[in-house]
Novice: 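One structure follows; several queries about it will come next.
One-based numbering, in listed order, for ligands and for the atoms of each.
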Amino acid sequence: MDIIANFIDGQYQAPHQQQYLDNIEPATGKVYGQIPDSGDEDVELAVTAAKKALPAWRALPLETRADYLTAIAQEIERRIEELALAEAIDNGKPVSLARSVDIPRAASNFKFFAHACSQFASESHAMAGNAINYTLRQPVGVVGCISPWNLPLYLFTWKIAPALAAGNCVIAKPSEITPKTAAMLGEICQKVGLPRGVLNILHGTGANVGQAICQHEEVKAISFTGGTTTGADIAQLLAPKFKKLSLELGGKNPALIFADCDFDSTVDQVFRASFANQGQICLCASRLYIERPIYEKFKQALIAKAQALQPNDPLLDTSEMGAIVSSTHLQKVLSYVEDAKAQGGKILIGGEQVKLSGRCQEGYFLQATIIEGLANNARCNQEEIFGPLITIQPFDTDQEALALANDSDYGLAATIWTNNLGRAHFLAENINTGIVWINCWLLRDLRTPFGGMNHSGLGREGGDEAMRFFTESKNVCVKY
Ligand code: NAD
């Protein structure tokens with residue numbers, strides 16, 4: 001049995017109440033470990049350690065802080081196989097995906113912010129012949145970072161790296177559903193000699209330890225990635241406390257596919273955008289709008305690819321589709337299939353749990369599912385499902401495609417597939433999402449603003465946006 005501990009003040013510690021939660025391997029449906037069910041007392045210990053570490057950490061020369069981040073990145077790279085395997089067991093994602101995307105990108109997060117902190121400049125405003133203003137951007141202090149289960153180490157470090165780079169000390173909480181690689185990050189911090197208390201990692205539920213982190217008076221900012229409902233709860237909790245708050249929430253991402261796209265490459269990329277990580281990426285396309293002249297051909301091409309993508313044991317190197325993260329989540333996705341049927345939707349492929357044999361016979365597998373014939377206001381087109389389920393609809397004009405895409409409470413990411421540059425730029429300007437990809441998906445430059453509008457969140461991550469979030473600006477006006 002794999003028993004995880006909290007990482008507080010540079011050391012692994014059992015939870016104060018000695019209570020644990022089961023950790024289940026999605027591919028087998030079996031409990032394979034336990035994680036701390038932490039609470040207020042553990043948060044108190046972590047905050048005390050972080051406060052103690054803060055003065056020395058924020059006073060370090062930038063180069064020294066950057067050296068620590070670089071060393072963490074190198075250690076993640078050195079342990080890539082071990083971390084990728086742990087991620088695949090914990091989350092159900094194909095080990096090849098963890099090895100090629102999740103873990104390398106976690107290392108990149110630390111590398112990127114090791115450099116970004118030295119490039120982060122503050123402004124100066126001269127008042128002609130009279131005075132000069134300059135802006136100090138100082139660490140916020142002790143900050144909380146809370147992340148979801150879909151890209152466990154990748155999203156966890158996407159918050160921790162800028163927070164540390166900006167000179168803060170961190171209380172971080174991974175999802176209780178996928179705690180393993182976050183727990184391993186503590187060992188990495190020990191190995192590189194990160195000063196004690198600079199990064200503290202607590203495990204447990206949102207209701208207990210998550211809320212306790214958010215509510216603690218000494219935690220001055222919260223960077224949260226997760227569901228929109230949770231984000232709303234946290235926003236409500238924190239509003240009277242005036243804490244800095246960054247919310248990266250759900251999405252219902254449209255893909256606009258035009259008849260003049262490069263057909264084969266678009267099919268490949270849109271398919272990947274729909275089903276990578278079993279469709280459990282906040283940026284995955286889930287509503288496909290296809291221009292009518294290519295609708296049938298594109299649909300058949302997608303169905304053929306879905307047929308070929310069979311879920312399999314995520315630990316096999318050849319596996320391209322793994323397990324859904326939990327039984328509860330699988331049931332949630334399946335409930336949308338039933339809803340689609342009730343609304344007159346046609347299930348073109350998938351829609352049922354897949355039973356594997358052997359080691360994975362009790363695992364949570366679902367075939368790539370494609371549904372057509374639903375109205376745009378159907379639940380499957382409006383609510384985030386966050387699984388391997390997409391809907392497809394034809395459209396006739398650019399305006400219609402735009403209206404369908406914008407008919408959503410969410411606003412995270414959109415993709416546009418066309419060779420008409422004018423159309424692409426027009427749509428990009430008018431689509432209500434924080435991220436637009438044209439003829440590509442998930443191509444990431446870490447300097448760019450990352451996040452969504454409307455129900456997809458508040459604030460942006462990435463590059464200077466993250467460095468600004470994790471600092472307080474202070475204007476100094478000097479008269480001369
Ligand atoms: P979730 O909201 O259930 O949980 C996210 C994290 O918040 C977990 O660590 C959880 O323990 C914690 N939490 C839950 N309730 C809390 C509370 N009241 N106070 C403090 N912490 C609390 O989300 P999830 O199911 O883990 O993740 C899936 C969701 O995350 C999807 O909606 C997906 O779109 C979203 N997501 C968004 C992005 C983005 O960048 N916008 C990226 C990845 C995932």
Novice: Quick one: which ligand 1 atoms are inside 4.0 Å of a heavy atom on Q211?
Specialist: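 Selected atoms, number and element: 17 (C), 18 (N), 19 (N), 20 (C).
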Novice: Is the ring pair W57/Y68 parallel, tilted or perpendicular, if the boundaries are 30 and 60 degrees?
Specialist: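 Tilted, since the angle between the ring planes falls between 30° and 60°.
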Novice: When you measure from the heavy atoms of G452 to every atom of ligand 1, does any distance fall below 4.0 Å?
Specialist: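 No.
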Novice: Considering only heavy atoms of E248, which atoms of ligand 1 have at least one such atom less than 4.0 Å away?
Specialist: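 Contacts of ligand 1 toward E248, numbered from 1: 37 (C), 39 (C), 40 (O), 41 (N).
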Novice: Show the atoms of ligand 1 that are less than 4.0 angstrom away from any heavy atom in L155.
Specialist: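 Taking each heavy atom of L155 in turn, ligand 1 has 42 (C), 43 (C) under 4.0 Å.
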Novice: For ligand 1, does I281 get within less than 4.0 Å through its side chain, its backbone, both, or neither, judged by non-hydrogen atoms?
Specialist: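 Near ligand 1, I281 shows nothing, with every heavy atom at 4.0 Å or more.
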Novice: Less than 4.0 angstrom from a charged side-chain N to a carboxylate O is my criterion; do K341 and E338 meet it?
Specialist: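 A salt bridge links K341 with E338.
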Novice: Looking only at protein heavy atoms, which one is nearest to atom 35 (C) of ligand 1, and how far off is it?
Specialist: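 The closest one turns out to be G226 O, 3.2 Å.
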Novice: Counting heavy atoms not belonging to Q215, are there more than 12 under 6.0 Å from its CD?
Specialist: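 Yes, CD of Q215 has more than 12 neighbouring heavy atoms, counting only those of other groups under 6.0 Å.
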Novice: Is any side-chain N of the basic residue among E217 and K243 closer than 4.0 Å to the acidic one's carboxylate O?
Specialist: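 Salt bridge flag = no for K243 with E217.
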Novice: Provide, to 0.1 Å, the distance between atom 17 (C) of ligand 1 and the closest protein heavy atom, together with that atom's residue and name.
Specialist: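 For this ligand atom, the closest protein heavy atom is G206 O, 3.6 Å.
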Novice: How would you list, by chain and number, every residue that makes a side-chain contact (heavy atoms from CB on, under 4.5 Å) with I3, sequence neighbours excluded?
Specialist: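 With sequence neighbours excluded, I3 shows a side-chain contact (heavy atoms from CB on, under 4.5 Å) to M1, Y20, Q34, given in chain and number order.
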Novice: List for me each residue that meets side-chain contact (heavy atoms from CB on, under 4.5 Å) alongside N200, sequence neighbours excluded, and say none if there are none.
Specialist: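 Only I8, A46, A49, A50, I171 meet the side-chain contact (heavy atoms from CB on, under 4.5 Å) criterion with N200.
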Novice: Taking the six-membered ring of F271 as reference, does the cationic atom of K305 (NZ for Lys, CZ for Arg) lie under 6.0 Å from its centre and within 45° of its axis?
Specialist: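 Yes.
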Novice: Would you say ligand 1 has an N or O under 3.5 Å from any N or O of T230?
Specialist: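 N/O-N/O distance under 3.5 Å: yes.
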Novice: Of the protein's non-hydrogen atoms, which lies at the shortest distance from atom 27 (O) of ligand 1, and what is that distance?
Specialist: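 Checking every protein heavy atom, the shortest distance to atom 27 (O) of ligand 1 gives P148 CB, 3.2 Å.
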Novice: Please identify which atoms of ligand 1 are closer than 4.0 Å to at least one heavy atom of N150.
Specialist: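 Going through ligand 1 atom by atom, the ones under 4.0 Å from N150 are 43 (C), 44 (C).
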Novice: Enumerate the atoms of ligand 1 whose separation from the nearest heavy atom of G227 is less than 4.0 angstrom.
Specialist: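 Checking each atom against G227, I get 1 (P), 2 (O), 23 (O), 29 (C), 30 (O), 32 (O).
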Novice: Give a yes/no verdict on a cation-pi contact between K244 and F469, requiring under 6.0 Å between NZ or CZ and the six-membered ring centre and an angle within 45° of the axis.
Specialist: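 That pair qualifies as a cation-pi contact.
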Novice: Does atom CZ (R379) have a neighbourhood of more than 12 heavy atoms from anything else shown, all under 6.0 Å?
Specialist: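 Above 12, so yes.
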Novice: E176 heavy atoms, cut-off 4.0 Å: which ligand 1 atoms fall inside?
Specialist: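 What qualifies from ligand 1 is 10 (C), 11 (O).
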Novice: If you measure every N/O of K173 against every N/O of ligand 1, is any gap under 3.5 Å?
Specialist: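 Yes, since at least one N or O of K173 sits under 3.5 Å from an N or O of ligand 1.
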Novice: For atom 39 (C) of ligand 1, which protein heavy atom lies nearest, and how many Å away is it?
Specialist: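 Looking at atom 39 (C) of ligand 1, the protein heavy atom closest to it is C282 SG, 3.3 Å.
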Novice: Is the number of heavy atoms from other residues, nucleotides or ligands under 6.0 Å of E429 CD greater than 12?
Specialist: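 No, because the 6.0 Å sphere around CD of E429 holds 12 heavy atoms or fewer from other groups.
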Novice: Less than 4.5 Å apart, side chain to side chain, heavy atoms only: is that true for K173 and I213?
Specialist: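 They are in side-chain contact.
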Novice: Heavy-atom distances under 4.0 Å are what count here, so tell me which part of E384 touches ligand 1: side chain, backbone, both or neither.
Specialist: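 The answer is the side chain.
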Novice: L402 pairs by side chain to side chain contact (heavy atoms under 4.5 Å, CB included) with which of F395, F426, Y289?
Specialist: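 Testing each of F395, F426, Y289 against L402, the sole residue satisfying side chain to side chain contact (heavy atoms under 4.5 Å, CB included) is F426.
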Novice: May I ask you to list the atoms of ligand 1 that are less than 4.0 angstrom from any heavy atom of T225?
Specialist: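 Listed by number with element, the hits are 5 (C), 36 (N), 37 (C), 38 (C), 39 (C), 40 (O), 42 (C), 43 (C), 44 (C).
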Novice: Do E75 and K191 meet the salt-bridge criterion of a basic N to acidic O distance under 4.0 Å?
Specialist: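 Yes, this pair counts.
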Novice: Among protein heavy atoms, which sits nearest to atom 28 (C) of ligand 1, and what does the distance come to when rounded to 0.1 Å?
Specialist: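 Heavy-atom neighbour on the protein nearest atom 28 (C) of ligand 1: F386 CE2, 3.7 Å.
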Novice: Tell me whether atom 4 (O) of ligand 1 lies less than 4.0 Å from at least one protein heavy-atom position.
Specialist: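 No, because not a single protein heavy atom sits under 4.0 Å from atom 4 (O) of ligand 1.
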Novice: Starting from atom 12 (C) of ligand 1, locate the nearest protein heavy atom and write down its residue, its atom name and how far away it is, to 0.1 Å.
Specialist: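 Going by distance alone, atom 12 (C) of ligand 1 is nearest to I146 CG2, 3.7 Å.
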Novice: Using a 4.0 Å cut-off to any heavy atom of G210, which atoms of ligand 1 qualify?
Specialist: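 Numbered from 1, ligand 1 contributes 19 (N), 20 (C), 21 (N).
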Novice: Quick one: do K93 and E87 make a salt bridge, cutoff under 4.0 Å?
Specialist: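 The answer is no: the pair does not qualify as a salt bridge.
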Novice: Nearest to atom 8 (C) of ligand 1, what protein heavy atom do you find, and at what distance?
Specialist: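 Among all protein heavy atoms, the one nearest atom 8 (C) of ligand 1 is S147 O, 3.4 Å.
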Novice: Using a heavy-atom cut-off of under 4.0 Å, does the side chain or the backbone of L412 touch ligand 1, or both, or neither?
Specialist: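 It is the side chain that touches ligand 1; the backbone stays farther off.
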Novice: Considering non-hydrogen atoms of the protein only, which is the closest contact for atom 24 (P) of ligand 1, and what is the distance?
Specialist: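 Checked against all protein heavy atoms, atom 24 (P) of ligand 1 sits closest to W149 NE1, 3.4 Å.
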